[in-house]
Every structure is written in structure tokens, then in C-alpha cells.
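Let me begin by presenting the structure, written as C-alpha cells, before commenting on it.
Indexing begins at 1, ligand by ligand and atom by atom, following the structure's order. We count residues from 1, following the sequence as given.
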Amino acid sequence: MLLNGKKGLILGVANKRSLAWGIARAAHREGARLALTYQGERLRGSVEDLASQLTEPLVLPCDVTSDADLDRCVAQVGETFGQIDFVVHGVAFAKREELEGRYVDTSREGFEVALDISAFSMTALARRVEPWMKNGGALLTLTYLGGDRVIPHYNVMGVAKAALECSVRYLAVDLGPKNIRVNALSAGPVRTLAASGISDFPKMLEVVKERSPLQRNIDLDDVGDAAVFFLSDLSRAITGEVIFVDAGFHNMGL
Ligand code: NAD
Ligand code: 0WE
């Protein structure tokens with residue numbers, strides 16, 4: 001029970017395949033009380049169904065492009081729970097057309113949307129939860145190798161992940177004096193809603209399976225268990241880090 005008595009807010013659950021749901025399951029198993037948010041009415045039913053597997057869950061709408069949503073959501077979680085011990089940010093989005101073709105063709109609007117939803121939202125969230133993390137806390141986000149290497153078609157999402165990972169380091173400095181830690185898990189490819197329809201995604205899974213040290217792909221339990229470490233006091237001296245949960249793939253050369 002590594003998270004016994006802790007209260008956490010998790011953004012980014014869309015369905016049972018979401019990495020954020022893998023983290024919610026593992027955090028619940030370890031004794032945490034959870035608030036889950038969903039992006040829009042379209043996802044409400046699916047998230048409420050999943051939340052019914054948790055103990056006394058709080059389920060709230062939150063679109064991270066809206067300051068009012070972020071304000072209302074964090075205030076409601078803070079007031080209901082009394083304090084917030086951890087936050088999981090599992091949100092990313094780029095327009096589909098930006099993940100096809102060449103990075104050089106990225107539009108201003110496409111760049112703004114990807115960076116706003118996938119990177120700025122972490123900082124916007126950190127500012128709002130800081131006052132509720134009365135006994136310190138842990139913030140965790142999800143990133144991908146495409147934020148420091150060129151991965152075909154990841155394009156503007158790679159630029160957004162670079163900004164997100166750099167935000168993790170700056171946030172760690174600002175929030176460190178309050179004993180709030182900020183880290184990122186860099187996951188290997190997993191078939192989720194955000195990965196569906198990506199051309200040659202099956203090929204990427206195959207390449208990781210063939211070339212990673214562990215010779216396998218990763219799943220939601222791999223991500224959930226790693227997250228428990230970063231959300232728990234076991235990682236109390238670790239902040240500002242990007243840690244890979246990718247079966248060792250990122251270390252492999254040609
Ligand atoms: P997913 O589609 O299940 O999750 C993405 C979530 O982002 C969804 O819940 C969606 O509702 C939410 N979202 C999008 N726009 C939003 C907005 N405006 N406001 C609020 N929420 C919004 O897919 P996933 O793969 O679980 O993605 C979760 C995180 O994991 C993302 O940051 C993604 O980049 C990262 N990641 C995924 C993989 C992978 O291969 N699946 C690998 C590494 C990192
Ligand atoms: O971060 C991601 C997914 C990001 C993502 C995916 C989509 C598809 C549908 C963001 N926005 C959208 N918008 C859509 O309309 N991953 C790490 C998974 C992923 O996505 C890729 C990958 C991998 C891996 C896109 C291209 C190449 C590789």
C-alpha cells in the first residue's frame with residue numbers, strides 16, 4: 001500500500017486502454033483516493049464506468065485549453081479532498097494532419113494547439129495544485145522519445161514533448177522548496193486511442209519487440225507500476241527527471 005491515504009488527481013483517461021487508466025488502476029491498488037477528469041461530454045460515460053471500479057472516486061470534466069475548467073476542477077478536488085498529494089498529467093493532442101507528412105509544413109495554428117494542450121497544460125496545472133499540496137506532493141507527466149529524437153511523423157508532437165520535458169525541469173526548481181517533485185515517464189509505444197490510426201504503428205511495436213534489451217513491448221501495468229514509484233515516497237529524492245519505461249529501447253543504436 002505505497003499510496004495509502006494519499007489523494008490524487010488524474011487527467012487523461014479516455015478509455016480502458018489509456019495510459020492514465022493504467023496509472024489510476026495501480027494507484028488505486030496501492031490505496032490512493034482518486035479524482036479522474038474527462039475531456040468532454042463525449043467521454044463522460046466511459047470515464048464514469050471506469051471510475052465505478054474505484055473507491056469513492058470523484059469524476060469531473062476538464063478541458064485543459066480552458067482556464068476556467070482548470071480553476072474549477074482543481075478547486076473542486078482540493079475542497080473535496082482537503083489536500084492534493086499527487087497529480088498525473090496524461091494529456092496530449094495534435095491535429096491529425098500535423099502527424100502526417102513533413103514537420104516543415106506545420107501550421108501556426110497546429111503548432112499552437114499541440115503546444116498548448118500537450119505542454120503548457122502541465123504548467124497551468126502545476127500552478128493551480130501548488131497551494132493544495134500542503135505536505136509536499138508529486139507531479140507526473142507522460143512523454144515520448146520523439147521529444148528528443150526524430151521519430152517519423154511524430155512531428156510537432158516531438159516539439160511539444162521537448163517543451164513538456166523542459167517544463168518538468170523548470171517546475172522542479174520552482175516547486176522543490178515546497179517538497180513538490182515533478183517528473184516524467186517516457187513510455188514506449190502502446191496501442192491506445194492516441195496511437196490508433198497512426199500509420200506504421202504496428203511496425204513500431206514490432207521494432208521495439210525485436211530491438212529492445214527486454215525484447216518485448218510495454219503495457220499499462222508496466223506504466224502503472226513505474227508511476228506508483230514516482231507518486232510514492234520511495235522516490236522522495238528524485239525530481240526533474242525523465243525516466244524511460246520502454247523495455248530499454250532508447251539505449252539501442254544501429
Ligand atoms: P489516450 O488517447 O488514451 O489519452 C490522451 C488523453 O488526452 C485523452 O484522455 C484525451 O481526452 C486527453 N485530451 C486531449 N485533449 C485534451 C484537452 N483539450 N483537455 C483535456 N484532455 C485532453 O492516449 P495515451 O496514449 O494514453 O496518451 C496519454 C499520454 O501518454 C499522452 O501524453 C501521450 O503523449 C503519452 N504517451 C503515449 C504513448 C503511446 O504509445 N500510447 C507513448 C508515450 C507517451
Ligand atoms: O504521444 C503520442 C500520441 C500523440 C497524438 C496522437 C494523435 C492521433 C490522433 C496526439 N494527437 C493525436 N491526434 C489525433 O487526431 N504517442 C507517443 C503515440 C504515438 O503517436 C505517434 C507515434 C507514436 C508512438 C504519431 C506518429 C508517430 C509515432
Side-chain angles (χ1 to χ4, degrees), residues 9-24 36-44 46-47 50 60-70 73 88-103 110 112-122 124-125 140-165 167-168 184-208 217-220 222-224 226-227 242-247 249-250:
L9 166 60
I10 300 187
L11 295 86
V13 178
N15 57 39
K16 67 172 200 274
R17 304 183 122 167
S18 296
L19 299 192
W21 176 244
I23 295 174
L36 304 186
T37 69
Y38 56 90
Q39 182 190 354
E41 274 313 303
R42 198 170 41 84
L43 290 173
R44 180 186 187 143
S46 152
V47 176
L50 290 168
L60 304 163
C62 183
D63 185 317
V64 300
T65 62
S66 157
D67 285 327
D69 266 31
L70 285 165
C73 172
V88 175
H89 173 273
V91 171
F93 181 78
K95 296 180 181 201
R96 166 136 259 142
E97 66 260 31
E98 303 294 1
L99 302 175
E100 293 159 356
R102 307 196 308 161
Y103 173 70
E112 284 170 0
V113 166
L115 274 281
D116 184 31
I117 296 176
S118 314
F120 176 71
S121 60
M122 176 69 174
L125 197 57
L140 186 68
T141 188
L142 289 159
T143 187
Y144 178 59
L145 185 59
D148 57 48
R149 316 254 183 98
V150 172
I151 306 281
H153 308 303
Y154 201 60
N155 295 1
V156 72
M157 272 306 307
V159 175
K161 290 305 192 188
L164 177 68
E165 291 175 20
S167 299
V168 163
L185 292 183
S186 185
V190 182
R191 176 155 302 292
T192 62
L193 190 60
S196 70
I198 304 297
S199 57
D200 43 84
F201 195 81
K203 184 77 201 175
M204 303 189 57
L205 291 172
E206 233 178 87
V207 168
V208 170
N217 289 117
I218 63 146
D219 62 22
L220 295 197
D222 295 323
V223 174
V242 177
I243 297 294
F244 289 87
V245 183
D246 70 342
F249 180 75
H250 74 285

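Among all non-hydrogen protein atoms, the one lying nearest atom 19 (C) of ligand 2 is Y154 CE1, 4.0 Å. Protein heavy atom at the shortest distance from atom 14 (C) of ligand 2 is A94 O, 3.6 Å. For atom 28 (C) of ligand 2, the closest non-hydrogen atom on the protein side is M204 SD, 3.6 Å. In terms of protein heavy-atom proximity, atom 4 (C) of ligand 2 is nearest to M157 CG, 4.1 Å. The closest protein non-hydrogen atom to atom 26 (O) of ligand 1 is L19 N, 2.8 Å. Counting only heavy atoms of the protein, atom 11 (O) of ligand 1 lies nearest to Q39 OE1, 2.9 Å. Taking atom 9 (C) of ligand 2 as the reference point, the nearest protein heavy-atom neighbour is R96 NH1, 3.8 Å. Atom 6 (C) of ligand 2 has its closest protein heavy atom at A194 O, 2.8 Å. Closest to atom 18 (N) of ligand 1 among all protein heavy atoms lies D63 OD1, 3.0 Å. Regarding atom 23 (C) of ligand 2, its nearest protein heavy-atom neighbour is F201 CE1, 3.9 Å. In terms of protein heavy atoms, atom 19 (N) of ligand 1 is closest to V64 N, 2.9 Å. Summary of contacts: the protein heavy atom closest to atom 9 (O) of ligand 1 is G12 O, 2.8 Å.
Considering backbone and side-chain N/O atoms, A195 never comes within less than 3.5 Å of an N/O atom of ligand 1. On a distance-only criterion, M157 and ligand 1 share no N/O pair closer than 3.5 Å. Looking at Y144 next to ligand 1, no N or O pair under 3.5 Å apart turns up. In terms of polar-atom proximity, A194 is counted as a contact of ligand 1, with an N or O under 3.5 Å from an N or O of the ligand.
If you look at R17 next to ligand 1, there are no close heavy atoms at all, none under 4.0 Å. Counting heavy atoms under 4.0 Å from ligand 2, residue Y144 touches it through the side chain alone. With a 4.0 Å heavy-atom cut-off, ligand 1 is reached by the backbone of T143 but not by any atom from C-beta on. Of all the heavy atoms of P152, the ones lying under 4.0 Å from any atom of ligand 2 belong exclusively to the backbone. The proximity of L43 to ligand 1, defined as any non-hydrogen pair under 4.0 Å, is limited to the side chain. Within the 4.0 Å heavy-atom criterion, both parts of V91, backbone and side chain, lie near ligand 1.
Here CG of L50 is found 13.5 Å from OH of Y38. Values are rounded to the nearest 0.5 Å. Separation of atoms CG (N217) and CZ (F249) is listed at 10.0 Å; rounding is to 0.5 Å.
In summary, K95 and E98 do not engage in a salt bridge, as defined by a charged side-chain N under 4.0 Å from a carboxylate O.
Those atoms of ligand 1 that come under 4.0 Å of a heavy atom in T192, given as number and element, are 23 (O), 24 (P), 25 (O), 26 (O), 41 (N). Within the listing of ligand 1, atoms 40 (O) sit less than 4.0 angstrom from a heavy atom of P189. Remark: ligand 1 atoms within the under-4.0 Å shell around heavy atoms of C62 are 19 (N), 20 (C). Close contacts between ligand 1 and L142 involve ligand atoms 29 (C), 30 (O), 32 (O), 35 (C) [criterion: under 4.0 Å to a heavy atom]. The distance from ligand 1 to the heavy atoms of G188 drops below 4.0 Å at these ligand atoms: 40 (O), 42 (C). Close approach to V13 involves these atoms of ligand 1, each under 4.0 Å from a residue heavy atom: 9 (O). The distance from ligand 1 to the heavy atoms of I117 drops below 4.0 Å at these ligand atoms: 15 (N), 16 (C), 18 (N). Listed by number with element, the atoms of ligand 1 under 4.0 angstrom from any heavy atom of A14 are 8 (C), 9 (O).
Of the candidates G22, A184, G147, G90, G90 brings a heavy atom nearest to atom 28 (C) of ligand 1. Looking at R191, M204, K161, it is K161 that brings a heavy atom closest to atom 34 (O) of ligand 1.
A227 approaches L140 most closely through the heavy-atom pair CB-CD2, 3.6 Å.
With hydrogens and angles left out, the side-chain atoms of H89 and S121 include a donor and acceptor closer than 3.5 Å.
When side chains are defined from C-beta on, F201 counts as touching R191, because their heavy atoms get closer than 4.5 Å.
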